[in-house]
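Everything below concerns the one structure shown next.
Remember, it's a predicted structure, so these values are computed and weren't measured experimentally. The chains referred to below are lettered A, B, ... by the order of the sequence lines, with proteins before strands, and numbering in each begins at 1.
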Amino acid sequence: MQIPTCAPADLSELESRAQAIAGFSLGELADMAGIAIPRDFKRHKGWTGQLIETWLGATAGSKPQQDFPELGVELKTLPINQFGQPLETTYVCYAPLLLPPLITWQTSNVKNKLQCVLWVPVEGERQIPVAERRIATPFLWQPNEAQNALLQQDWEELTEMIALGKVESVTARHGDVMQLRPKAASGQVLTDALDAEGNKIKTRPRGFYLRKQFTSLILQTHFQQ
DNA sequence: ACGTGATCATAT
DNA sequence: ATATGATCACGT
């Protein structure tokens, strides 16, 4: 098995590549790719995601769009426990705090990113050495009507808060399936936002995250069928 | 025990 | 500074 040298030409090629790495350990995949394996993720938090990107042929780099733009697919690795339940929330995208005036759910980055996701569940329990953690079964997901409605509802609630200049009163407790949380290198990083009077303020950058309960439902729904 | 808020590495 | 890849770790 070899690292692909180009992006997958179509959806079936992406799916084949994903199925091909299922069952392998992170150590095996890293060795075959000539990538060093960290002892833990304290200083290597995105390591698994980048390893899987390499194996699937995603273009490296940080673009505000999908990982496979020509296929309209976003890649997400998801750390799971021995029962197949998510261990972490899932980052979706940066949250604009100075809202484009005509933004709607339909035109939002969240909707765009979540239209089609290739989920790659990976064993993530800290007791398992990084090299021994295995890739579970990857699968493509598109939100069904109910899931889409939940996401839209949360996006609209959170976006309205931002639009009303109430970013700083939003906590991670808002949102049923998706939350807004700080997303930065440290608590000292500040970006522009608006207060309730429309004045520019400085606040911590935020990102949208999917709650574990929601990604757990996605896994359950997929694997029960 | 768990989720929230904080944090780490890297590219542009 | 923005944005990607996320997990860490403390307070509740």
Side-chain angles (χ1 to χ4, degrees), chain A residues 7 21 26 29-30 33 35-69 73-83 85-100 108-110 112-114 117-131 133 135 138 154 158 161-162 167-193 200-216:
Chain A
I21 61 170
L26 296 180
L29 294 177
I35 295 171
I37 305 161
R39 123 179 244 98
D40 58 45
F41 292 152
K42 286 193 176 105
R43 309 188 76 88
H44 301 270
K45 298 186 180 184
W47 187 83
T48 305
Q50 295 183 343
L51 177 67
I52 304 305
E53 280 183 353
T54 301
W55 274 101
L56 299 183
T59 317
S62 51
K63 295 173 244 168
Q65 285 310 310
Q66 291 129 326
D67 296 288
F68 302 97
V73 175
E74 173 71 9
L75 171 66
K76 291 290 176 200
T77 59
L78 184 63
I80 54 170
N81 65 15
Q82 59 184 316
F83 307 110
Q85 294 160 333
L87 289 165
E88 297 287 349
T89 55
T90 300
Y91 172 68
V92 179
C93 61
Y94 222 58
L97 301 184
L98 295 173
L99 293 166
S108 70
N109 204 202
V110 173
N112 180 247
K113 285 273 179 108
L114 297 182
V117 176
L118 176 62
W119 292 102
V120 182
V122 180
E123 289 180 329
E125 281 171 322
R126 291 192 208 179
Q127 67 203 43
I128 308 174
V130 169
R133 299 182 193 177
I135 311 294
D154 285 344
L158 296 167
M161 294 285 281
I162 294 170
V167 197
E168 305 219 283
S169 58
V170 177
T171 74
R173 294 164 194 84
H174 291 82
D176 291 333
V177 301
M178 186 169 66
Q179 52 187 176
L180 195 66
R181 305 216 308 273
K183 172 64 173 167
S186 86
Q188 318 309 311
V189 175
L190 295 175
T191 191
D192 289 334
K200 249 183 193 175
I201 57 168
K202 288 288 187 184
T203 190
R204 287 164 307 161
R206 307 300 211 278
F208 289 103
Y209 294 81
L210 300 180
R211 292 186 182 280
K212 288 196 279 185
Q213 178 191 315
F214 186 66
T215 51
S216 181

Nearest to the side chain of [X], heavy atoms from C-beta on, is which of [options]?
| X | options | answer |
| --- | --- | --- |
| A:Arg173 | C:dA3, B:dT7, B:dT4 | B:dT4 |
| A:Arg126 | C:dT4, B:dT4, C:dA9 | C:dA9 |
| A:Asp67 | C:dC8, C:dT2, C:dG5 | C:dG5 |

Does [X] put a side-chain nitrogen or oxygen below 4.0 Å from OP1 or OP2 of [N]?
| X | N | value |
| --- | --- | --- |
| A:Thr90 | C:dA6 | no |
| A:Tyr91 | C:dT4 | yes |
| A:Thr77 | C:dA6 | yes |
| A:Gln50 | C:dA6 | no |
| A:Lys212 | B:dG3 | yes |

*For the base of B:dT7, is there a side-chain donor-acceptor partner from A:Lys45 under 3.5 Å away?*
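Flag set: donor-acceptor pair detected.
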*Between the base of C:dG5 and the side chain of A:Lys183, is there any donor-acceptor pair under 3.5 Å?*
yes
I need the [atom1]-[atom2] distance between [X] and [N], as an integer number of Å.
| X | N | atom1 | atom2 | value |
| --- | --- | --- | --- | --- |
| A:Phe41 | B:dT10 | CZ | C1' | 16 Å |
| A:Phe214 | B:dG3 | CZ | P | 16 Å |
| A:Ile35 | C:dG5 | CD1 | C1' | 13 Å |
| A:Lys202 | C:dA1 | NZ | P | 6 Å |
| A:Arg181 | C:dC10 | CZ | C1' | 14 Å |
| A:Phe68 | C:dT4 | CZ | P | 16 Å |
| A:Arg206 | C:dT2 | CZ | P | 13 Å |
| A:Leu97 | C:dA1 | CG | C1' | 13 Å |

*Intermediate values then yes/no, side-chain contact (heavy atoms from CB on, under 4.5 Å), A:Leu78 and A:Lys76*: CA-CA 6 Å; A:Leu78 184 63; A:Lys76 291 290 176 200; 5.9 Å; no
*Separation of A:Thr215 OG1 from A:Glu88 CD (nearest 0.5 Å)*: 10.0 Å
*asked:* Just to verify, which of A:Leu51, A:Thr48, A:Val120 counts as forming a side chain to side chain contact (heavy atoms under 4.5 Å, CB included) with A:Ile135?
replied: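 Result: among A:Leu51, A:Thr48, A:Val120, A:Val120 is the only option passing the side chain to side chain contact (heavy atoms under 4.5 Å, CB included) with A:Ile135.
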*Scan A:Val130, A:Leu87, A:Ile128 and name whichever one has a side chain to side chain contact (heavy atoms under 4.5 Å, CB included) with A:Glu123.*
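That would be A:Ile128.
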Which part of the nucleic acid does [X] contact within heavy-atom distance under 4.0 Å: base, sugar-phosphate only, or nothing?
| X | answer |
| --- | --- |
| A:Gly46 | base |
| A:Arg43 | sugar-phosphate |
| A:Lys76 | sugar-phosphate |
| A:Glu74 | sugar-phosphate |
| A:Thr89 | base |
| A:Asp40 | nothing |
| A:Pro205 | nothing |

_Using heavy-atom distances to pick each residue's nearest nucleotide on DNA chain C, tell me which of A:Tyr209 and A:Ala95 is more 5'._
A:Ala95
*asked:* Is a donor from one side chain sitting under 3.5 angstrom from an acceptor on the other, for A:Arg181 and A:Gln179?
replied: yes
*May I ask you to check whether over 12 heavy atoms, not counting those of A:Glu125, lie within 6.0 Å of atom CD?*
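Yes, CD of A:Glu125 has more than 12 neighbouring heavy atoms, counting only those of other groups under 6.0 Å.
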*asked:* For A:Ala185 and A:Arg211, find the nucleotide of DNA chain B closest to each by heavy atoms; which residue's nucleotide sits nearer the 5' end?
replied: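 Result: A:Arg211.
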*Step by step, would you call A:Ile162 with A:Leu180 a side-chain contact (heavy atoms from CB on, under 4.5 Å)?*
CA-CA 10 Å; A:Ile162 294 170; A:Leu180 195 66; 4.0 Å; yes
